[in-house]
Amino acid sequence: MKFDKDGNVTSFEKKKMELYHELSLQARDLRFQHFTSITARNNNIIIRMEALKAVVTPNSLLVLDFRGLGLERWLVLELAPQLNGDHGALATHSLPFEFRALEAILQHRVNTLQARLNEVHPVILDILESLVDPKLLSADRSKLHILLQNRKNLSELETDIKVFKDSLLKILDEVEMIEELCVTKWTDPRVFEESSLGIDHAEEMELLLENYFMQAEELGNTTRELKGLIDDSESVIFINLDSHRNVMMRLNLQLTMGTFSLSLFGLMGVAFGMNLESTFEEDPKVFWLVTGFMFLGSGLIWRRLLSFLGRHLEPTVPPQVIELLIS
């Protein structure tokens, strides 16, 4: 698909060799080996932004192999109007065509990254809000699975943002690369010389790239903050679960102690339950006396064991903290 300066669109099929000859490029120039890249070759800007492959010339924009990538709507409804700049009274002050083409592609890339972030951001916040409830006794496995999937998507998004930033930073660090992106300046030097405002195309190109670099930096910061929130929430979830687990373990230990106390004094009942005669079974008060002694002794031992448990399970306060509290 070919876009001219006025935003007119033509779609055509052409052999690779014909395209190489028309653009004065080598076959290696259009291999698009890198996932995200912006390079200049023979007064052409070769761009790849994930699935989007494009070549910007001083007079046109070529989008290659766009079918089946979901780009048709953006190409027809958004890209064409963006390329159709105002050529009226401000024609002498407008920047060359490659600026509009490059800005449209960079804006599309930033919007795509922003849309991916907007998709996972509310889902992650809702899941984390439900998982960090202190009353939660167990984590919902389905929500944890959704959180894992969204965290994976967030990591992939962070990687894509970093690759996009690195591709821009690589150009910003090299003045010669910025100069090479100003293709109109090299094909028609009068565009710069005759400018009444004395616009420095290299400086304008640098400002353009810095603008989208800063937008990508903001997206990266938001992504890192969201990942940090996930990590902090995971710590809170584990603390809550550990707290409830400790309560259950303490309750289990208390019941075990109670069972031990009853079993210990239950030996008296075992002794009286043997088929042996003694003088105690003739006294009707002995049954209540022995039973009461058994429950009383069991209760005292259980209380003693609970006191021992409380002393050894309570966290010790460091001396420095005690001195600080006293002061």
Side-chain angles (χ1 to χ4, degrees), residues 31-39 46-54 63-66 68-75 78 102-134 136-174 208-243 245:
R31 288 175 182 171
F32 298 102
Q33 297 178 352
H34 299 286
F35 189 74
T36 301
S37 63
I38 302 175
T39 56
I46 304 172
I47 304 172
R48 178 174 182 181
M49 294 292 165
E50 196 172 352
L52 177 63
K53 303 175 183 178
V63 180
L64 311 177
D65 303 329
F66 63 90
L69 301 177
L71 299 174
E72 288 81 358
R73 180 180 178 84
W74 171 72
L75 291 173
E78 299 183 27
L102 184 58
E103 183 174 11
I105 294 175
L106 293 178
Q107 184 64 52
H108 172 68
R109 182 56 177 164
V110 170
N111 290 342
T112 301
L113 296 173
Q114 181 68 59
R116 292 171 58 186
L117 179 59
N118 293 340
E119 183 179 355
V120 300
H121 191 273
V123 177
I124 292 177
L125 291 182
D126 291 341
I127 294 177
L128 292 179
E129 184 178 359
S130 61
L131 290 178
V132 297
D133 187 359
L136 187 66
L137 297 180
S138 62
D140 190 342
R141 291 183 178 272
S142 61
K143 292 183 179 180
L144 290 177
H145 179 71
I146 297 175
L147 181 61
L148 179 62
Q149 292 294 330
N150 282 275
R151 178 166 185 167
K152 180 180 178 181
N153 296 336
L154 191 64
S155 298
E156 293 176 354
L157 175 60
E158 184 180 23
T159 301
D160 292 343
I161 294 175
K162 183 178 184 302
V163 172
F164 178 65
K165 287 170 47 184
D166 291 343
S167 64
L168 296 180
L169 187 60
K170 180 180 178 181
I171 300 174
L172 292 172
D173 289 339
E174 298 291 339
L208 174 65
L209 297 176
E210 285 181 350
N211 176 39
Y212 288 97
F213 177 82
M214 294 304 299
Q215 293 186 39
E217 182 71 21
E218 293 179 0
L219 291 177
N221 292 337
T222 304
T223 304
R224 285 190 294 272
E225 291 175 0
L226 192 56
K227 290 188 67 175
L229 181 61
I230 294 176
D231 295 336
D232 295 340
S233 300
E234 286 181 351
S235 300
V236 173
I237 293 171
F238 290 143
I239 291 174
N240 289 338
L241 294 178
D242 289 340
S243 177
R245 188 180 299 111

Would you say N118 and Q114 are linked by a side-chain donor-acceptor pair, where the criterion is simply a distance under 3.5 Å? yes
Value for OG (S37) from CG (D166), rounded to nearest 0.5 Å, stands at 12.5 Å
Does atom CD (E119) have a neighbourhood of more than 12 heavy atoms from anything else shown, all under 6.0 Å? no
Fill in: Within 6.0 angstrom of E78 CD, more than 12 heavy atoms from elsewhere
yes
Under 4.0 Å between a side-chain nitrogen and a carboxylate oxygen: does that hold for K227 and D231?
no
**Prompt:** Side chains of H121 and L125: closer than 4.5 Å at any heavy-atom pair?
**Reply:** yes
### L117 side chain reached by L154 side chain, heavy atoms, under 4.5 Å
yes
Taken to the nearest 0.5 Å, the spacing of I47 CD1 from L64 CG works out to 11.0 Å
Note: F164 and A216 closest approach over all heavy atoms is CD2-CB, 3.6 Å
With side-chain contact (heavy atoms from CB on, under 4.5 Å) as the criterion, how do N211 and Q215 come out once you've worked through the C-alpha distance, each side chain's angles and the decisive distance to 0.1 Å? CA-CA 6 Å; N211 176 39; Q215 293 186 39; 3.5 Å; yes
The reported gap from CD1 in I46 to CD1 in I38 (rounded to nearest 0.5 angstrom) is 12.0 Å
One should read off an interatomic distance between L113 CG and E218 CD, to the nearest 0.5 angstrom, of 13.0 Å
Distance col, row E129:CD vs I124:CD1, nearest 0.5 angstrom, shows 14.0 Å
Q. Thinking salt bridges, do R224 and E217 make one under a 4.0 Å N-O criterion?
A. yes
- Query: Can L52 and W74 be said to form a side-chain contact (heavy atoms from CB on, under 4.5 Å), step by step?
  - Reply: CA-CA 11 Å; L52 177 63; W74 171 72; 4.0 Å; yes
Side chain to side chain donor-acceptor pair (under 3.5 Å) test vs R116 passes for just one of D160, N153, N111, namely D160
When rounded to the nearest 0.5 Å, the distance separating CG of N150 from CD1 of I127 is 5.5 Å
Per side chain to side chain contact (heavy atoms under 4.5 Å, CB included), M49 is matched among T112, L106, V110 by L106
Practice problem: Kindly indicate whether the side chain of L128, heavy atoms from C-beta on, has any atom under 4.5 Å from the side chain of I230. | Solution: yes
Of all heavy-atom pairs linking S167 and T36, the shortest is OG-CG2, 3.6 Å
key: Student check: side-chain heavy atoms of L219 and L157 closer than 4.5 Å   = no
